[in-house]
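Quick one: this structure, given as structure tokens, is what I'll be asking you about.
Along the sequence shown, residues carry numbers from 1. Hydrogens, waters and symmetry mates play no part in the numbers below; they use all other heavy atoms, side chains included.
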Amino acid sequence: MLSKNSLVIYRNFPAVIDAAGDKYTVTFCPNLTPKPGKGYPFQSQNVRDKDIILLSDKPVTNLSAVCDAANNTSLCNNIAGELAELWELFRSDEETANKIMTFSEITEMMSSVGNDDIWAVYQTLCSDIHYEHTAETSFCCRDEQTIAQIRTDRYKAAQEAADKASFMERLRSRSLVLPDDARYMHEVEAVALGKSDKSRIMKDLGQKELPETAHKLLLDTGVWTAARDPYPARYNVSLRAADCPLPPPNTEGRQVIDHTAFAIDSRFSNDPDDAIAFDGQYLWVHVADPAENVTPDSDVDRQACARGATLYLPEAIIKMLPENSVADYGLGLCGDDYSKTLSFRIKLDEDANVTDVQIIPALVRVKRLTYEEADAMADSPELAPLYKLSRLIAAKRQAAGAVFIDMPEIHITADISTEIPVVTIDEDLKASQATKVVRECMVIAGEAAALFALRNQIPFPFISQPDPELRGDIPMKDGMPDGLAGNYQTRRCMKGRIVGVTPAHHVGMGLDIYCQVTSPLRRYIDLVAHQQLRLFLTGKPLMDKDTMLQKISTADIGAAACAKAERGSKLHWICVYIMQHPDEIYDGVLVDWKAGKAVVNIAKFGTEFQVTLPKTTPFNAAIRLKAKDVNLSEQAVTWEVI
């Protein structure tokens with residue numbers, strides 16, 4: 001049994017036994033730093049024998065004396081010197097050179113150690129470079145080589161600590177020495193990129209460990225410039241195309257279509273995946289056919305499913321499928337050669353209702369046109385029937401309650417190959433009538449494919465949309481306003497689409513059944529629809545509903561991440577453009593109110609910003625604006641009304 005005033009270790013703290021019995025009562029010190037005017041923060045506890053470790057059974061004066069000795073720098077230095085001399089003695093004797101010794105064996109050889117000094121000896125011994133702490137109260141001597149390495153490591157650590165302290169001073173004054181200081185900022189970059197939510201540096205600065213705060217710190221210190229777009233990484237989207245190239249396309253088993261189809265798209269498009277034609281009887285919608293080689297559950301299929309969609313960033317386009325997919329299956333990219341398509345031959349009645357549809361793996365000659373080129377040919381024998389047919393389809397949908405939302409669209413590119421990025425914005429991409437022609441043909445192809453799947457009992461990715469939910473905060477008496485404000489507020493009322501294996505009404509399209517099949521090069525939902533159609537056409541087993549739902553769920557996650565990355569990147573580069581053009585004046589339209597501020601759509605950017613305006617400003621009011629300040633990390637602009 002231990003006696004009163006013996007020194008023990010309790011929870012790695014020094015403790016003195018006050019009373020002994022079935023249990024021991026100990027006083028221990030959880031903190032060797034005394035509080036001014038209060039002394040040491042002693043605590044008392046009843047403990048069992050197994051809870052404590054004996055250091056010395058020689059009685060100490062009291063725990064205060066033990067703590068005072070441990071805080072006596074001169075005493076601790078003398079102890080360290082004596083321990084170093086003992087190490088030389090131990091290492092010179094073969095019997096003790098590598099022997100594990102108890103704490104009491106070592107202290108018995110120390111001539112100048114008093115009872116109250118034992119904890120000071122223990123603390124010093126535990127941290128002494130000459131000794132290895134092998135157990136609670138056991139030690140052995142380290143060899144010279146190990147000691148030399150520890151000294152080197154401690155020197156490096158001390159130097160790094162000094163360098164880090166110097167870095168922190170430069171960071172606080174925002175005067176980093178680059179590029180050398182950038183090595184310390186990796187943890188801040190990880191927060192800015194959404195890879196971590198912890199940064200010791202930011203915590204030491206008293207800053208919130210948030211992506212926006214980290215982004216601002218990187219910009220303020222010059223570690224990042226405006227050329228760094230953090231949003232793709234923040235939403236964890238891949239910046240590489242799939243790494244498994246597709247086999248060459250196969251021309252066998254395809255029907256040659258005897259007409260020229262037109263792939264009509266914006267002048268910025270480089271992945272044309274649909275073309276249209278009218279032969280006097282049938283509307284043809286020809287679609288790229290990568291599903292020929294992207295078979296279900298292949299490596300490339302799994303990669304495409306995880307991505308969900310092609311990623312369109314202002315600074316880069318990251319394809320959903322391997323790089324060679326567009327060259328092999330893009331429509332109209334092969335000169336005078338035939339494009340390989342999955343073609344939808346659609347019969348419409350005089351009211352634009354689908355009466356028959358056939359789906360044909362085909363070879364078709366495709367001519368590419370921009371929207372502007374197509375409008376210039378609107379009265380030509382080739383395109384005039386398509387323009388007329390598109391108006392019939394739109395009228396049918398409008399009569400069925402389809403929602404047509406006409407908001408400005410832009411195309412933004414960022415050239416980051418130069419030291420200062422060059423941001424280019426092309427406005428009003430929807431001005432062309434050809435955009436409506438293509439839209440209506442793609443919509444009717446989606447309806448026709450969905451009807452084909454339903455009639456043939458094919459498990460399929462049908463798309464529906466519930467009725468809109470009118471907002472309670474719209475400050476109107478007579479419903480939606482007209483013009484751009486009405487379009488904006490209607491869009492806010494629309495609910496998200498639903499993709500599932502059961503067909504249902506799509507309120508936005510004004511259709512009772514609908515799917516998407518016209519972009520298999522860049523949307524996985526379209527690709528999986530093509531895969532199922534090809535399985536059906538070749539008589540192979542179809543994917544069941546559970547498999548289809550799993551693919552839909554996985555692809556939706558990837559596609560949603562792409563959409564968020566695209567929105568973040570687009571707004572990032574818009575803010576960069578505004579910063580680079582501080583004197584430019586922008587035309588805007590008031591489309592809504594939010595939290596007491598006006599929501600203004602700026603046509604130049606095809607997006608909305610909050611602006612302080614008089615509460616009496618009416619909807620659709622024209623507003624001229626100039627930027628006063630841009631907060632790039634928050635993607636916020638302070639505007640001045642001109």
Trace of the salt bridge (charged side-chain N to carboxylate O under 4.0 Å, His left out) decision for K319 with D271: CA-CA 9 Å; K319 296 179 177 62; D271 51 2; over 6 Å; no
Modelled atom types, side-chain donor and acceptor of S175 and S173, under 3.5 Å: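 Their side chains do contain a donor-acceptor pair, which is all the 3.5 Å distance test asks for.
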Atom CG of D482 with >12 non-hydrogen neighbours under 6.0 angstrom: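 Counting neighbours around CG of D482, 12 or fewer heavy atoms of other residues, nucleotides or ligands fall under 6.0 Å, so no.
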Exceeds 12 heavy-atom contacts within 6.0 angstrom, atom CD1 of I420: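 Atom CD1 in I420 is not crowded, with 12 or fewer foreign heavy atoms closer than 6.0 Å.
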D243 and Q303 side chains, donor-acceptor separation under 3.5 Å: yes
E209/K198 salt bridge by N-O under 4.0 Å criterion: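 No, this pair does not count.
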Modelled atom types, side-chain donor and acceptor of E189 and W224, under 3.5 Å: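 Yes, because at least one side-chain N or O of E189 sits under 3.5 Å from a partner of the opposite role on W224.
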Check: D426 and F268 side chains under 4.5 Å, non-hydrogen atoms: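 A side-chain contact under 4.5 Å exists here.
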Atom CG of D379: over 12 foreign heavy atoms under 6.0 Å: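 No - once you tally the heavy atoms of other residues, nucleotides and ligands closer than 6.0 Å, there are 12 at most.
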N/O donor-acceptor pair under 3.5 Å between E640 side chain and K628 backbone: no
Salt bridge present between E373 and R267 (N-O < 4.0 angstrom):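 A salt bridge is absent here (no side-chain N lies under 4.0 Å from a carboxylate O).
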Within 6.0 angstrom of K195 NZ, more than 12 heavy atoms from elsewhere: yes
cation_pi(R170, F167) dist<6.0 Å, angle<=45: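 The answer is no; the distance or angle limit is not met.
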Flag, side chain of R234 to backbone of A192, donor-acceptor distance under 3.5 Å: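 Yes: the side chain of R234 pairs with the backbone of A192.
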Side-chain H-bond candidate by donor/acceptor type, Y387 with D375, under 3.5 Å: yes
Exercise: identify the closest heavy-atom pair between T221 and L176: CB-CD1, 3.6 Å
Pairwise distance CD1(I318) to OH(Y312) - rounded to 0.5 angstrom: 11.0 Å
Within-4.5 Å side-chain heavy-atom neighbours: T607 and N601: no
Greater than 12 external heavy atoms within 6.0 Å of K564's NZ: no
Sidechain N-carboxylate O distance under 4.0 Å for R624, D587: yes
Closest non-hydrogen atom pair between V517 and F460, with its separation: CG1-CZ, 4.3 Å
S199 side-chain N/O to M202 backbone N/O, donor-acceptor pair under 3.5 Å: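 Checked: pair present.
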Carboxylate-amine/guanidinium contact E447 K396, below 4.0 Å: yes
Test item: side-chain donor near acceptor, Q159 and D163, under 3.5 Å: yes
Flag side-chain contact, heavy atom, 4.5 Å: H572 against P230: yes
Any side-chain donor near an acceptor of the partner, D415 and T413, under 3.5 Å: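 The criterion, which ignores hydrogens and geometry beyond distance, is not satisfied for T413 and D415.
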Within 6.0 Å of NZ in K203, more than 12 heavy atoms from elsewhere: no
Full working for side chain to side chain donor-acceptor pair (under 3.5 Å) between S633 and E212: CA-CA 5 Å; S633 62; E212 297 80 9; over 6 Å; no
Chi angles and distances behind the side-chain contact (heavy atoms from CB on, under 4.5 Å) call for W639, I578: CA-CA 11 Å; W639 296 98; I578 296 171; 3.9 Å; yes
Heavy-atom closest contact (S464 atom, H505 atom, distance):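 Scanning both residues completely, I find the closest heavy atoms to be CB-O, 3.4 Å.
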Test: E584 and K604 ion pair at under 4.0 Å: yes
Within 6.0 Å of CZ in R240, more than 12 heavy atoms from elsewhere: no
Modelled atom types, side-chain donor and acceptor of Y524 and D556, under 3.5 Å: no
Verdict with reasoning, Y231 to Q635, per side chain to side chain donor-acceptor pair (under 3.5 Å): CA-CA 11 Å; Y231 296 95; Q635 297 192 321; 3.1 Å; yes
Sub-4.5 Å side-chain heavy-atom contact between L219 and L632: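 Counting from C-beta outward, L219 and L632 do come under 4.5 Å.
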Least distance between heavy atoms, K570 atom then P314 atom: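 Heavy atoms of K570 and P314 come nearest at CA-CG, 4.1 Å.
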Rounded distance [0.5 Å steps], OH in Y577 versus OG1 in T424: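 Rounded to the nearest 0.5 Å, the OH-OG1 separation comes to 8.5 Å.
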Between R497 and Q516: side-chain donor-acceptor atoms closer than 3.5 Å: yes
Main-chain N/O of P322 paired with S325 side-chain donor or acceptor, under 3.5 Å: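 Yes; judged by distance alone, with no hydrogens or angles, the pair exists.
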